[in-house]
Amino acid sequence: MAQVTLTNVKKVYAGGVEAVKGVSFDIPDGGFCVLVGPSGCGKSTLLRMVAGLETISSGEVSIGSRVVNQIEPADRDIAMVFQNYALYPHFSVYDNMAYGLRNLKTPKDEIDKRVKEAARILAIENLLERRPRQLSGGQRQRVAMGRAIVRKPQVFLFDEPLSNLDAKLRVQMRVEIKKLQRALGVTSIYVTHDQVEAMTLSDKLVVMNGGQVEQIGVPSDVYRKPASKFVATFIGSPPMNILPAHIDGPGIVALGDAILEARDLRQNLTEGTKVEVGLRPEDIEIASEGAAGTLPFDVEFIEELGATQLFHGKLSGLPFVMQAATDVVAKESKRLWITVDPDRVHVFDATSGARLGRV
Amino acid sequence: MQKNAYFKGLTIPLLLLLPQLAITIVFFYWPASQAVWQSFLLQDAFGTSTEFVWFENYTELFSRPEYFKALVNTAIFSTFVCVLSLSIALLFAVMADRQIRGAEIYKTLLIWPYAVAPAIAGVLWLFMFDPSLGMLARGLQSLGIAWNPRLNGNDAMILVILAATWKQISYNFLFFLAGLQAIPKSVIEAAVIDGARPWRRFWTIVFPLLSPTTFFLLTVNIVYVFFDTFGIIDTVSGGGPSGATQTLVYKVWADGKGGTDLGGSAAQSVILLIMVIGMTAIQFRFIERKVSY
Ligand SMILES: Nc1ncnc2c1ncn2[C@@H]1O[C@H](COP(=O)(O)OP(=O)(O)O)[C@@H](O)[C@H]1O
Ligand SMILES: [Mg+2]
């Protein structure tokens, strides 16, 4: 087991693409860190630098107490699970799992013991003789996991391992990966563009955008106090509503005619400063008409989700979504009055998108 | 996948197949059946009378030592050309696959020999290794190596092997390169992380995954050395000296030339035909059973 530390890691590809622009964070021993961000933001590049599959342009990666920049992937004591599983198509499941141990010249009976043990944990004991093409997507995924765990590495690296599975299997495997990681206690870095996976799996969440880190924190903090407009809209589903506003006093923002209290807001801002207000669909409550701090919301379309419902419509002429319990009665093309807990009003700088408040 | 279109009846499929069928019949089945028929006939020296002689042409053939010599020559020639052209092409393909700087130029240059006509290729090599004119031959002589493919049968054999190999490397290279590039990069990366060093990685992962390409190329190369090398042998050595580079297909032509032994020549081509059918059949069965993973 080991802790992983990244210090100002950068990657410039041969063509001049700056894929990772100076990233620093560390993962404690046994931690589960998820790198999340939109496609092309440099997550895979960062993971592959930890794996040793890409050279590190500058900065330092260390695993345990060792700087690994110049160390071969095979000697970094890591295992990686790829999006397309990358199983060896001409080997049986058993040989797929045994290959890494054979390369290490592990004794035969030790290999056998470890492969069978991994197969038992992953419930693929009856598949050991099969070839990868004879397996379903979920089974291949398990074999790929098995190949990683037989080696007993210091670090697991996952690059979108669930992206090729159907939705139901994805949820199931997500839970299994988390359980397995807890049971084995191996430090893990997991890359995904799926914010639900990111929230549920991580105990340390790293949100990336354009080769840079936007925010690092435990998932609930990232959700409750997003450090930027980007994080605010990326984490959470349906995404946070963003509305233009201006500062109307200490801890007060004005959206058109309506006034909202934002308890988190920094106090020393000039009145009239243009800002953007973020309101999560799930934080919105129905209020009585015309009460103080309420906003008019014109419902246009109602989406029933079973457990909840979504009201889509316009607020001050801008698209707006709110989530409501199923017992809330609303009609399409009618006006609702809504309000938000002042603790849950997020305010962002109109130009930089940075959070104007305590993070 | 599902077949989502099909034809009722036979007329349209037959019409669509007609051009291909016509070509196959005119250029393959017709000459082949002519050869089979011809191989049972014996013409007298003046071509005035023809007699049906059953297998006499065949028994006559097997009693001639030159025929066995051609057989041995073919075995040596085809083994060397196949092994050399496949292994050199594989080496080049592995090097090109590593995306080195200038890889595009390297690939283009490697493909050129394929565009050269066999006879021209033969002349090229003949020139380079001509004992009195050739640069390379002079180089050999200055190193004290006696070299004369016009007189020495072994030298002649080496020269036709070199020319035929050179000509085939391009083709094999292209297929090997395509085969290498079809191997998912992540599989190789998984092997890197699994601790397989390059040499071991090549033999345990890359080479087995290339085996469908290798078997395909082996079939194509055997057909090539059996038949398509005629032009090269003809220009480089003309089958000589004293039959040292005469292969089976060359002998078919030499014996049939001028109509001196049409029946014997036809019998030889029928034997060649059977050999190739046999080899192809064996290879396809082998491919079906072993190479699919
Ligand atoms: N081998 C490469 N050469 C050049 N540019 C690359 C290479 N791999 C990725 N990139 C670029 O680097 C950026 C980050 O890519 P990647 O790390 O794969 O993103 P992500 O995994 O977050 O989707 C992208 O702009 C991509 O086009
Ligand atoms: Mg990626």
Side-chain angles (χ1 to χ4, degrees), chain A residues 13-15 44 47-48 50-54 71-92 95-106 111 130-134 140 143-148 150-151 153-161 164, chain B residues 1 90 93-107 175-176 178-218 283 285-293:
Chain A
Y13 277 112
S44 296
L47 190 78
R48 292 165 56 82
V50 177
L53 297 172
E54 297 288 352
I71 293 175
E72 292 287 312
D75 303 326
R76 292 190 184 194
D77 208 0
I78 47 149
M80 184 154 167
V81 179
F82 295 82
Q83 176 173 356
N84 63 3
Y85 318 128
L87 299 178
Y88 310 120
H90 57 305
F91 284 170
S92 67
D95 290 338
N96 261 281
M97 292 201 272
Y99 186 67
L101 294 173
R102 285 188 184 135
N103 291 336
L104 291 172
K105 306 231 163 16
T106 312
I111 294 180
R130 298 226 196 138
R131 294 284 170 90
R133 72 181 153 85
Q134 299 165 312
R140 283 179 207 186
V143 178
M145 296 280 303
R147 189 168 65 178
V150 288
R151 300 244 319 277
Q154 299 223 336
V155 182
F156 283 146
L157 304 174
F158 300 89
D159 193 354
E160 312 234 4
N164 287 4
Chain B
M1 266 210 255
L90 180 57
V94 168
M95 278 156 54
D97 190 43
R98 288 209 195 133
Q99 297 184 333
I100 41 169
R101 205 177 274 258
E104 283 310 312
I105 298 169
Y106 175 79
K107 284 178 209 167
F175 277 87
F176 273 134
L180 285 172
Q181 293 188 338
I183 298 176
K185 206 167 144 240
S186 58
V187 170
I188 306 296
E189 289 173 344
V192 169
I193 291 179
D194 261 344
R197 305 291 161 189
W199 186 253
R200 183 170 159 79
R201 203 155 67 222
F202 181 80
W203 290 111
T204 54
I205 308 287
V206 178
F207 191 69
L209 291 181
L210 266 185
S211 58
T213 309
T214 312
F215 275 91
F216 163 77
L217 283 178
L218 195 59
Q283 275 172 341
R285 296 204 71 171
F286 192 66
I287 288 172
E288 268 170 29
R289 273 197 306 126
K290 286 225 68 156
V291 182
S292 63
Y293 44 74

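Please read all numbers here as calculations on a predicted model, not as lab measurements. Numbers restart at 1 for each chain; the letters A, B, ... are given by sequence-line order, proteins then strands. As a basis for the values below, the full set of heavy atoms in this structure was taken, side chains included, without hydrogen atoms, waters or symmetry mates.
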Inset, instruction - Consider only side-chain N and O atoms of Thr204(B) and Tyr88(A), and report whether a donor and an acceptor are under 3.5 Å apart. - result: no
Legend entry - Heavy-atom contact with chain B under 4.5 Å, split by part of Arg76(A): neither
Legend entry - Proximal component of Leu87(A), with respect to chain B [non-hydrogen, under 4.5 Å]: backbone
Inset, instruction - Return the set of residues passing side chain to side chain donor-acceptor pair (under 3.5 Å) with Glu160(A) (not counting sequence neighbours), or none when no residue passes. - result: Ser163(A), His193(A)
Legend entry - Part of Ala148(A) within contact of chain B (heavy atom distance under 4.5 Å): neither
Inset, instruction - With a 4.5 angstrom heavy-atom cut-off, could you sort out which part of Asp75(A) is near chain B: side chain, backbone, both or neither? - result: side chain
Inset, instruction - Would you please test Arg48(A) and Glu189(B) for side chain to side chain contact (heavy atoms under 4.5 Å, CB included) and show each step? - result: CA-CA 10 Å; Arg48(A) 292 165 56 82; Glu189(B) 289 173 344; 2.7 Å; yes
Inset, instruction - Quick one: list whatever passes side chain to side chain donor-acceptor pair (under 3.5 Å) with Arg151(A), sequence neighbours left out. - result: Asp194(B)
Inset, instruction - Please determine if Arg147(A) forms a cation-pi arrangement with Tyr85(A), meaning its NZ or CZ atom is less than 6.0 Å from the six-membered ring centre and no more than 45° off the ring axis. - result: no
Legend entry - Contacting region of Glu72(A) [heavy-atom separation from chain B under 4.5 Å]: side chain
Legend entry - Segment of Leu53(A) engaging chain B (4.5 angstrom heavy-atom cut-off): side chain
